[in-house]
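To start, the structure itself, in structure tokens.
When a ligand or atom number is given, it counts from 1 through the structure's own listing order. For clarity, every value in this text was computed on a predicted model and none was experimentally measured.
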Amino acid sequence: MTERGFWFDTEPELQARSVSAPIEQEIDVDVAIIGAGYSGLWTAYYLKQYRPQLSVAILEANTVGQGASGRNGGWLMGSFSGDVNYLNKLDGEPRQLAKAIIQDTIHEVSRVCQAQGIDCDLHHGGNLRVAARYPEQHQTIKHELSYWREQGFTEADIRWLDKAELDNQVKMAKGQAALFTPHCARIHPAKLVCGLADTVKRLGVKIYENSAVVGIRHNSAGSTQLRTAKGRITSRIYIPALEGYQREFGELARYSLPVQSLLIATEPLTYAQWQSIGLDNRPTFSDASRIVTYGQRTPDNRLIFGARGGYQFGGKIRTEFGFNATEFNVKHPSQSQADFRFRHRLLLALFPQLEGVNITHGWGGTLAIARDFAPHAVFDPHSGLGFIGGYGGEGVGAANLFARTLVDLILERKTLLSTMPWAFKTDVKKVLKPWESEPFRYLGYHSMNRVFAWEDRLYSRGESSTWQRKLAKGLADRLEGMMS
Ligand SMILES: Cc1cc2nc3c(=O)[nH]c(=O)nc-3n(C[C@H](O)[C@H](O)[C@H](O)COP(=O)(O)OP(=O)(O)OC[C@H]3O[C@@H](n4cnc5c(N)ncnc54)[C@H](O)[C@@H]3O)c2cc1C
């Protein structure tokens, strides 16, 4: 992968970062981690916090933050995909405690950043889910609010904003109302991942960049050897913190679905343009649609906006997204430019005042979806394999929470975290569900995506007939139901 994406391209200090040398020898460590994204780095961080004497090494195929951690939308959430399913395994006080632990994730990340001097432009401005492009979105967020109330989420967790309150936060041309939650902060993803890498290096963790793991061997003595082109690491405990790249690592390939997500960024906007938009308190935002959109006002005053993308047959990872500012506007664009243009159309539907504003960047990355649509933290003391991931595109905060959980399991710390319903101490394959084989995986994902896009198109075009909308909604509801 060569493109590094917007967050690195617009931050000269990050571009100039020195790259650690690849591994070129054979070494033994206590814990070997594969992947220098949030999951790998947070795991290394907590291991060294609680057991400074442990030797920990990270092998990274490219450079720090080359995966989703350096490319995401920067929503640091105090929630994660599938969290309610876990909460529903608990009652009463334990349920409240688990909910508080999840929501505290933002504060935990913030505490560590402050303590370690990581400046990642964290701003705790909450999140808006807006009924913004078509009337049906009003009904959608109403249903969602009832759902949250049924699940015990109070006004302090999520509340209704009427049109006037919404306009105070953000002015969207067809904005009708919104749900607001305080449990979200905005960050600069690449500054967080690089700051974490510097921190763990200071704590004594060895990071080897340009060191892709190409082979693995389990020794009879109970240790595991990871092989790269020029080196080897042997350890008792090994953790593939690979998220969307698990496919590249045979053992766990079947347990995650690698899916792309793509974003665009405007040029920095002027004061007058921001006055016409709002977002003064930097809430992150989406519109209430099944195509999963997300946006934020960046630290350098651009708008970035993204939407979930496709899945490639066999779980092949898309490494090039190839934004081209000139081709972006031509009549018959390439697939990549068409992907970006689609996001641009959605952005203009929210903010027609941005017509004519330059789109300077487009990029994408790969996330992973677990078969039961929730992440897991699993440690198998027998094989030494530790697993975290399957965040379903909501891993910025979750990677911290799941890394902390995994470390408590590994170190046998008697903590609340290690008793949470997402913590498992057993064989990974007993916990994770495999995805269907091809072509069913491909067909399933594409059918779902198409139905969601079709429904969105029908709603956006006011003239579609009632029966068409009903049919699309019925189908989309069914497919969505299968995901929870
Ligand atoms: C475009 C996009 C937008 C997103 N927006 C948000 C958001 O706003 N909020 C949110 O909560 N989540 C978001 N996500 C999801 C979030 O970014 C991820 O869940 C999170 O970054 C996962 O971190 P990770 O460390 O597990 O994986 P990654 O960051 O993907 O790290 C895995 C690392 O493993 C390395 N690797 C791969 N193969 C090998 C190998 N063989 N050997 C060694 N190393 C290897 C990769 O190079 C990579 O650096 C988004 C994801 C994408 C793609």
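For the pair R297 and W274, the cation-pi criterion (under 6.0 Å, within 45° of the ring axis) is fulfilled.
Taking the charged nitrogens against the carboxylate oxygens, K191 and D119 have no contact shorter than 4.0 Å, which rules out a salt bridge.
For residues 194-210, the pairs satisfying salt bridge (charged side-chain N to carboxylate O under 4.0 Å, His left out) are R17-D198, with sequence neighbours left out.
Counting heavy atoms of neighbouring residues, nucleotides and ligands inside a 6.0 Å radius, atom NZ of K230 does not exceed 12 of them.
Relative orientation of the W42 and Y45 rings is perpendicular, given thresholds of 30° and 60° on the angle between their planes.
With hydrogens and angles disregarded, no donor-acceptor distance shorter than 3.5 Å links the side chain of T228 to the backbone of V213.
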Using a cut-off of under 3.5 Å, which N/O atoms of ligand 1 pair up with protein N/O atoms, and what distance separates each pair?
from, atom 1, to, atom 2, distance (Å)
ligand 1, 5 (N), G73, N, 2.9
ligand 1, 8 (O), G73, N, 3.4
ligand 1, 8 (O), G74, N, 3.3
ligand 1, 8 (O), W75, N, 3.0
ligand 1, 9 (N), W75, O, 2.9
ligand 1, 11 (O), W75, O, 3.3
ligand 1, 11 (O), G395, N, 3.1
ligand 1, 11 (O), V396, N, 2.9
ligand 1, 12 (N), G393, O, 3.0
ligand 1, 12 (N), G395, N, 3.1
ligand 1, 14 (N), G393, O, 3.4
ligand 1, 17 (O), A68, O, 3.4
ligand 1, 17 (O), N72, ND2, 3.4
ligand 1, 19 (O), G395, N, 3.4
ligand 1, 21 (O), S69, N, 3.2
ligand 1, 21 (O), S69, OG, 3.0
ligand 1, 23 (O), S69, OG, 3.1
ligand 1, 25 (O), Y38, N, 3.0
ligand 1, 25 (O), S39, N, 2.9
ligand 1, 26 (O), S39, OG, 2.7
ligand 1, 29 (O), A68, N, 3.3
ligand 1, 29 (O), S69, N, 2.9
ligand 1, 29 (O), S69, OG, 2.5
ligand 1, 30 (O), A68, N, 3.1
ligand 1, 41 (N), V213, O, 3.2
ligand 1, 42 (N), V213, N, 2.9
ligand 1, 44 (N), A61, N, 3.0
ligand 1, 47 (O), E60, OE2, 2.6
ligand 1, 47 (O), N62, ND2, 3.4
ligand 1, 49 (O), E60, OE1, 2.7
ligand 1, 49 (O), E60, OE2, 3.2
ligand 1, 49 (O), G67, N, 3.4

